[in-house]
Amino acid sequence: MPETPQEVLQMIRDENIQIIDLKFIDMPGIWQHCSFYYDQIDESSFVDGVPFDGSSIRGWKAINESDMCMVPDPKTAWIEPFYEEKTLSMVCSIKEPRTGEWYSRDPRSIAAKAIEYLNSTGIGDTAFFGPEAEFFLFNDVRFDQTENKGFYYVDSIEGRWNSGREEAGGNLGYKPRYKEGYFPVAPTDTLQDIRTEMLLTMAKCGVPIEKHHHEVATGGQNELGIRFATLVESADYLMTYKYVIKNVAKKYGLSATFMPKPLFNDNGSGMHTHQSIWKDGQPLFWGEGNYANLSQMALHYIGGLLKHAPALLALTNPSINSYKRLVPGFEAPVNLAYSQGNRSASIRIPLSGPNPKAKRLEFRCPDATCNPYIAFAAMLCAGLDGIKNQIDPGSPLDVDIYDLSPEELSKIPSTPGSLEDALEHLQNDHAFLTDTGVFTEDFIENWISYKLDNEINPMRLRPHPYEFSLYYDV
């Protein structure tokens, strides 16, 4: 993969590439793109950027201040695997063309500022992140909402609900049971070859790959494993991950979704996020002989995550649907505590053996509806606040929570019950984000307003289908 603008331009010449596709992320977390003829990209494009109209991008500029510039990162260049014409893809950050400053609402620029802040503290110089994003593959997806109707319908050939359905060629009966979809072999696992193609396609796009497997839920839940990377790189890789999965799925007549809870009464899809801090090439979270071999710095980092988690979740779990996953009984991390083995705790310490470089913590709350640049930056800020203020995370939660009495359970704080609740916490607790200079007050206010105006308030106006079951005959 190229490293410099000169290497990218040489690659364009050598490969006879005529179309350059520039991608950037909007505030809620969806990739946008614009394709340019190759002669529109030169060395100055990697410094000054390529102009575009930002007024129609969600959560961004008003029409009277719409001019913006996409600045491609040469290290993100790869050949598009889904276009007929040979096309070079690059990921961009966004600049204000009149000032030359990075745009304060651009998620990728915010992520870069988080690393600048880490360096300024002297605590470390590198933050590694490793997301594990789960997803569903459906054979049929339909939904609608009008004045007189509202419904959704998803279906999968693997869905246990189809065990009695008449199917072409006969129903062979191999459908994963509810909550028993983890690691079955074929013929129960029908998605092996599709996942393999997804994984290998990611590798061609520069994503460091590891593995793939079926996940717990029936109905086609899956996960592909990619390696950890530095904060901005990891967010870039996650966006490529989602892009490749959706497009390979479409090729096979399937639809991929990262929606946390598309199915009732089975496990939802999360994005457990591994993280650690290093300095001068050395890991800082290792502390031999301590609890789970964690350093005091790591424990304080955990303290910061736990203290700010109610506010943090407004950014790491930013959808109304996110909180339908965060409920007890579905392996969801609803307890704001840490543990080396309890998967209901929001922070788990994975087994890493005697290797200090593998020592990390796993924040299990996030899901892949988040904007990864914003989510990773916010998690790092929360952890650094814990380190700076030496926040005590309390005792680990290594007991079986199902054996606890109601009185004992009441002492364990839990995740917010709704997006509205999380946004209220963010409104009251965001100094750990803004005092760093990583996030601005404008960004926080804009984020909360966007979520209220475009998600929470519209949902309030619409009756839910299940309400008819509850109330129609009253």
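Keep in mind the model is a prediction, meaning the values are calculated, not measured.
Residues L312 and M379 are in side-chain contact: their nearest non-hydrogen atoms beyond the backbone lie under 4.5 Å apart. The side-chain heavy atoms of R177 and T218, taken from C-beta on, include no pair separated by under 4.5 Å. Residues N267 and Y182 form no side-chain contact, since every pair of their non-hydrogen atoms from C-beta on lies 4.5 Å or further apart. Inter-residue side-chain proximity for D280 and D125 is flagged as met; some heavy-atom pair is nearer than 4.5 Å. Counting heavy atoms from C-beta outward, M259 and V154 have side chains that stay 4.5 Å or more apart.
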task = With side chain to side chain donor-acceptor pair (under 3.5 Å) as the test, would you mind laying out the steps for S89 and K23 before giving the verdict?
result = CA-CA 7 Å; S89 172; K23 297 178 173 65; 2.8 Å; yes
message = Please determine whether side chain to side chain donor-acceptor pair (under 3.5 Å) holds for the pair N162 and N171, giving the CA-CA distance in whole Å, both sets of side-chain angles, and the decisive distance to 0.1 Å.
response = CA-CA 9 Å; N162 283 324; N171 190 327; over 6 Å; no
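Centroid-to-centroid, the aromatic rings of Y103 and W60 come within less than 6.0 Å.
For Y252, the OH atom counts as densely surrounded, since its 6.0 Å shell holds more than 12 non-hydrogen atoms of other residues, nucleotides or ligands.
Sorted by first then second residue, the ring pair (Phe, Tyr, Trp, His ring centres under 6.0 Å) pairs that include residues 373-397, not counting sequence neighbours, are F129-F376. Applying the ring pair (Phe, Tyr, Trp, His ring centres under 6.0 Å) test to residues at least two apart or on different chains, the pairs with a partner in residues 217-251 are W31-Y243, F82-Y243, F128-F228.
Judged by distance alone, the side chains of S319 and N321 never bring a donor and an acceptor atom under 3.5 Å apart. Side-chain contact of R108 with S93: a donor-acceptor pair under 3.5 Å is present, judged by distance alone.
How far CG of D189 is from CG of N222: 7.0 Å, rounded to the nearest 0.5 Å.
Remark: side-chain polar atoms of S346 are paired, donor with acceptor, to backbone N or O of N335 under 3.5 angstrom.
Across every non-hydrogen atom of P372 and L238, the tightest pair is CB-CD2, 3.6 Å. The minimum heavy-atom distance linking F439 with T436 is given by the pair N-OG1, 4.4 Å.
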